[in-house]
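Just follow the structure's listing: the first ligand is 1, and inside any ligand the first atom is 1. Since the structure is predicted, the reported quantities are computational estimates derived from the model, not experimental observations.
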Amino acid sequence: KSLAIVGCPFSGGQPRAGVDQGPIHLIHAGLPKQLEELGWKVHFDGHHQFEDVSAAIGPDSPIGKLKNPRRVSKVCEEVAKVVGEHAKNGQLPVTLGGDHSLAMGTISGTFEKYPDACVVWVDAHADINTTDTTDSGNIHGMPVSFLLGLGEKVEEFKWVKPVLKPSRLVYIGLRDVDAGEKRILKENNIKAFSMHEVDKYGIGKVVEMALDHVNPNRDRPIHLSFDVDALDPTVAPSTGTPVRGGLTFREGHYICEAIYETGCLVALDIMEVNPSLRDAESVRQTVAVGCSLARSALGETLL
Ligand SMILES: N[C@](CCCC[B-](O)(O)O)(CCN1CCCCC1)C(=O)O
Ligand SMILES: [Mn+2]
Ligand SMILES: [Mn+2]
Ligand SMILES: [Mn+2]
């Protein structure tokens, strides 16, 4: 079994400097070796080209409210190619962010190889704003709407195909959803297990119900997109949009362990680790959590 680490040093989907340094911190914390120790053949050719692509974009004036639109679009298009390539080569892409706008690229890449895939989106946020509903214009709050083909088309993003169907998407960990996003979730009948459901049913039942919804026979490829801000800020403090009342360390890891157990995982994103926002110990802790989530999703067990 082989995987490809796709480091994406990219911060254009949001305003806070530093999230582009997420990949290098996860790698310097030893993630490649840790995954080899789990028995994976690890392919890793530092994806510097994302910096080149990003740098090659000249002035990137907003389009409507959207910020850095050309930069985000170009980098995500390149990510889709790289992730799709690795998937086709039989390597499980492990994408390290970088902000969550990158999921436009990773999930597009996954669906190239696995058109019948489903997506488990673990996040405090729904990331489903359209050009009409976004208040911030930060594209890391929008990738899901592009992947579903919602809202009015934006010329710069015409490469994004509506590969994702609402019935193939499920959320776990939501607790900071904008009014416009709540409307979109309802209108599209999108299944979401917020922290209220996690409290009510427990994480074991929530994951079972989530998978029953998108993968009833456990025979569909799963793309797990994990935003570390799904975890409580005491667990993953150094991230751009922390929201209190999040998943415990164990709840976060249980999701990853349970998804690995299905044997259906085909792609993993570990997003929004920003090593420049907090003190050294908080940064170390957040990076360590990113690494351990990845290990749990890729076969590390407690016994
Ligand atoms: N929904 C937000 C946050 C998006 C977070 C993206 B993620 O999950 O990748 O980290 C927040 C919008 N708005 C900000 C001001 C206060 C009200 C919510 C947005 O900017 O669209
Ligand atoms: Mn590669
Ligand atoms: Mn997110
Ligand atoms: Mn988030």
Side-chain angles (χ1 to χ4, degrees), residues 8 10-20 22-23 62-69 72 75-76 79 95-107 119-148 150-151 154 164 169-185 190 192-195 198 223-247 251-252 255 267-278 286 289-290 293:
C8 294
F10 183 69
S11 64
Q14 55 79 62
R16 305 183 78 169
V19 69
D20 55 313
I63 296 173
K65 280 188 268 183
L66 301 198
K67 293 167 183 156
N68 308 319
V72 171
V75 168
C76 285
V79 169
T95 301
L96 308 178
D99 72 69
H100 221 167
S101 64
L102 290 162
M104 241 183 293
T106 63
I107 292 173
V119 173
V120 178
W121 194 283
V122 184
D123 204 323
H125 312 92
D127 297 4
I128 200 170
N129 275 306
T130 61
T131 49
D132 288 338
T133 66
T134 180
D135 59 12
S136 66
N138 296 329
I139 300 178
H140 73 157
M142 307 175 73
V144 180
S145 79
F146 282 97
L147 291 162
L148 289 168
L150 304 179
V154 180
L164 184 58
L169 169 65
V170 65
Y171 288 99
I172 300 175
L174 298 188
R175 56 189 184 277
D176 182 12
V177 180
D178 304 338
E181 294 182 303
K182 288 180 178 171
R183 274 197 305 278
I184 292 169
L185 293 177
I190 293 171
F193 295 93
S194 72
M195 289 310 296
V198 173
H223 181 121
L224 173 59
S225 199
F226 203 119
D227 183 329
V228 296
D229 71 32
L231 300 168
D232 189 82
T234 59
V235 177
S238 206
T239 188
T241 50
V243 185
R244 62 188 171 178
L247 298 168
E251 287 168 339
I255 295 168
L268 173 66
D269 307 332
I270 301 286
M271 312 309 270
E272 299 279 0
V273 170
N274 184 333
S276 73
L277 296 176
R278 300 290 301 272
T286 307
V289 161
L293 287 169

Problem - Exercise: identify the closest heavy-atom pair between S276 and S238 - result: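 Taking every non-hydrogen atom into account, N-OG, 4.2 Å.
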
Handout entry: Closest approach of L102 to C76 (non-hydrogen atoms, all atoms of both residues)
Key =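 So the minimum-distance heavy-atom pair works out to CA-SG, 3.8 Å.
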
Practice task
Could you tell me whether atom 16 (C) of ligand 1 has at least one protein heavy atom nearer than 4.0 Å?
Solution key: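 Under the 4.0 Å cut-off, atom 16 (C) of ligand 1 has no protein heavy-atom neighbours at all.
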
Is [X] touching ligand 1 with its side chain, its backbone, both, or neither, if touching means heavy atoms under 4.0 Å apart?
X	result
E272	side chain
D135	side chain
V177	neither

Practice task
Look only at the side chain of N68 and the backbone of G12, and say whether a donor-acceptor pair between them is shorter than 3.5 Å.
Solution key: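 Side chain of N68 to backbone of G12: a pair is present.
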
Handout entry: Minimum-distance N/O/S atom that D227 presents toward the Mn ion (ligand 3)
Key =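 Closest to the Mn ion (ligand 3) among those atoms: OD2.
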
Exercise for the section: Among the N/O/S atoms of D127, select the one at the shortest distance from the Mn ion (ligand 3) and name it. Expected result: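 Going through the N, O and S atoms of D127 one by one, OD2 ends up nearest to the Mn ion (ligand 3).
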
Closest approach of any protein heavy atom to [atom], naming residue and atom:
atom	value
atom 3 (C) of ligand 1	H125 CD2, 4.0 Å
atom 18 (C) of ligand 1	D178 OD1, 3.3 Å
atom 21 (O) of ligand 1	N129 ND2, 3.0 Å
atom 8 (O) of ligand 1	D127 OD1, 2.6 Å

Problem - D123 N/O/S atom closer than 2.8 Å to the Mn ion (ligand 4) - result: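 Yes, within the cut-off.
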
Handout entry: the Mn ion (ligand 4) reached by H100 (N, O or S, under 2.8 Å)
Key =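 It does not; every qualifying atom lies at 2.8 Å or beyond.
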
Handout entry: Side-chain H-bond candidate by donor/acceptor type, H100 with D123, under 3.5 Å
Key =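 Looking only at side-chain atoms, D123 and H100 do form a donor-acceptor pair, the distance falling under 3.5 Å.
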
